[in-house]
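Below: the structure, in structure tokens.
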Amino acid sequence: MEYYHNPGKDLVITVEGRRYLRHGIRTHFVGVGEDYLSLFRRYVAPVYQPGDYVAVSEKVAALCQGRVVRREEVRVTPLARLLARCVHQTPAGPGLGLPVKMQFALDQEGRGKVLWAALRAGVDKLRGIHGTFYRLLGPEVRGLDGFYGEDIPAYADLGIRIPHQPDRLCDQVYQETGILSYIVDANALGVELLGKAAALPQGAGWLTAVLRDNPAGQEGQCTPFLLIRPAGEIGAG
């Protein structure tokens with residue numbers, strides 16, 4: 001087997017004193033409504049072996065579930081435009097600095113909660129504390145991807161929500177295919193574990209540490225599945 005890693009990313013990483021490889025499994029560009037289990041059977045099953053784990057991008061899981069918001073479905077208000085101008089852009093992208101994403105936050109969480117979070121975030125920023133706004137608004141708002149076409153043009157007018165019941169989704173994959181998987185939201189700022197198969201023995205700390213440099217990338221790499229394997233198992237392939 002020939003192992004693949006995205007340019008600028010290391011194939012092997014050391015976690016808790018042991019070395020692991022991260023093989024990027026390349027796929028076609030996954031669209032809305034595709035069959036999640038079919039993707040595992042087509043791309044992952046041929047290379048998976050006992051002892052492996054598979055990290056999955058939250059985007060591909062959400063797309064298969066149809067968890068998307070289209071730009072034409074969002075009516076951007078003046079309040080959303082005003083609040084978006086106050087958001088600091090991070091290396092991970094503009095985030096809620098996009099009015100359409102801010103409007104999603106208002107629609108999802110309500111005007112009162114968003115304004116309260118903005119006020120708290122302003123106070124915390126004066127104290128040198130960052131990230132309050134996203135933390136208070138919760139995972140649905142924090143995890144909204146898309147509506148940004150510079151990295152992936154196909155997502156310019158498409159927002160991608162976090163997967164629904166990700167633990168259950170991973171359990172279903174294990175029951176149907178025997179593949180141990182977990183779902184993450186990874187970007188330039190860090191890695192967040194969204195869900196994992198109950199049979200997967202590793203804890204959240206290890207599962208995110210092995211992906212700490214975001215080896216799947218944020219652009220059009222088409223490696224939504226990362227096969228994680230102890231480095232001692234690497235063959236000559």
Side-chain angles (χ1 to χ4, degrees), residues 29-33 56-166 169 183-195 208 211 214 216-221 224:
F29 191 83
V30 177
V32 179
V56 185
S57 163
E58 91 289 356
K59 285 190 184 70
V60 72
L63 285 167
C64 289
Q65 291 180 325
R67 296 269 293 168
V68 299
V69 182
R70 303 184 189 279
R71 188 179 293 271
E72 62 265 25
E73 299 171 348
V74 183
R75 180 179 172 272
V76 178
T77 61
L79 177 59
R81 298 185 191 279
L82 175 64
L83 290 172
R85 287 199 290 268
C86 301
V87 175
H88 172 69
Q89 182 169 337
T90 71
L96 291 177
L98 295 174
V100 66
K101 283 193 172 184
M102 185 63 74
Q103 188 62 53
F104 173 83
L106 289 164
D107 294 342
Q108 178 73 26
E109 301 297 330
R111 178 183 297 187
K113 184 174 181 178
V114 173
L115 290 174
W116 173 73
L119 177 62
R120 283 284 307 274
V123 172
D124 280 355
K125 187 176 181 180
L126 294 175
R127 300 163 55 203
I129 301 172
H130 301 281
T132 299
F133 191 55
Y134 288 93
R135 177 175 56 80
L136 293 178
L137 290 181
E140 280 285 354
V141 172
R142 185 170 62 246
L144 182 68
D145 282 322
F147 287 132
Y148 188 60
E150 290 195 18
D151 294 334
I152 304 176
Y155 297 157
D157 297 309
L158 189 71
I160 307 170
R161 302 179 66 175
I162 60 174
H164 178 63
Q165 296 184 331
L169 192 60
I183 298 172
V184 296
D185 182 0
N187 55 47
L189 298 180
V191 185
E192 181 177 1
L193 175 66
L194 299 184
T208 54
L211 304 174
N214 189 18
Q218 287 180 239
E219 300 176 2
Q221 289 89 345

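For this chain, numbers begin at 1 and follow the sequence in order.
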- [ ] With the side chain counted from C-beta on, respond yes when Leu158 and Val32 share a heavy-atom pair under 4.5 Å apart, and no when they do not.
- [x] yes

- [ ] State the CG-NZ distance between Leu136 and Lys113, to the nearest 0.5 angstrom.
- [x] 8.0 Å

- [ ] Using a 4.5 Å cut-off on heavy atoms from C-beta on, say whether the side chain of Val141 contacts that of Phe133.
- [x] no

TODO: Supply the atom-to-atom distance Arg142 CZ to Leu137 CG, rounded to the nearest 0.5 angstrom.
DONE: 9.0 Å

Task: Spatial distance of atom CZ (Arg81) from atom CE (Met102) [nearest 0.5 Å] - done: 12.5 Å

Open item on the list: The criterion is side-chain hydrogen bond (donor to acceptor under 3.5 Å, both in side chains); which residues satisfy it with Arg111, sequence neighbours excluded?
Closed with: none

Task: For the student: nearest non-hydrogen atoms of Asp185 and Gly143, plus distance - done: OD2-CA, 3.8 Å

- [ ] Tell me, with the steps shown, if Arg135 and Asp124 meet side chain to side chain contact (heavy atoms under 4.5 Å, CB included).
- [x] CA-CA 12 Å; Arg135 177 175 56 80; Asp124 280 355; 4.3 Å; yes

Open item on the list: Could you report the tightest heavy-atom contact between Val100 and Val76, atom names first, then the distance?
Closed with: CA-CG2, 3.9 Å

Task: Over all atoms of both residues, closest heavy-atom pair of Ala105 and Leu96 - done: CB-CD2, 4.4 Å

Task: Pair Arg67 + Glu58, salt bridge at N-O below 4.0 Å - done: no

Open item on the list: Any side-chain to backbone donor/acceptor pair from Asp107 onto Gly110? Under 3.5 Å, distance only.
Closed with: no

- [ ] Taking all non-hydrogen atoms of both residues into account, name the closest pair between Glu140 and Gln108 and its distance.
- [x] CG-NE2, 3.9 Å

Task: Flag, side chain of Tyr155 to backbone of Ile160, donor-acceptor distance under 3.5 Å - done: no

TODO: Please report the shortest heavy-atom distance between Arg71 and Ala156, naming the atom on each side.
DONE: NH2-O, 2.6 Å

Task: Pairwise distance CD1(Ile162) to CD(Gln65) - rounded to 0.5 angstrom - done: 10.0 Å

TODO: Side-chain contact test, heavy atoms from C-beta onward, threshold under 4.5 Å: evaluate it for Leu83 versus Leu115 and give yes or no.
DONE: yes

Task: Heavy-atom closest pair, residues Leu144 and Lys101 - done: O-NZ, 3.1 Å

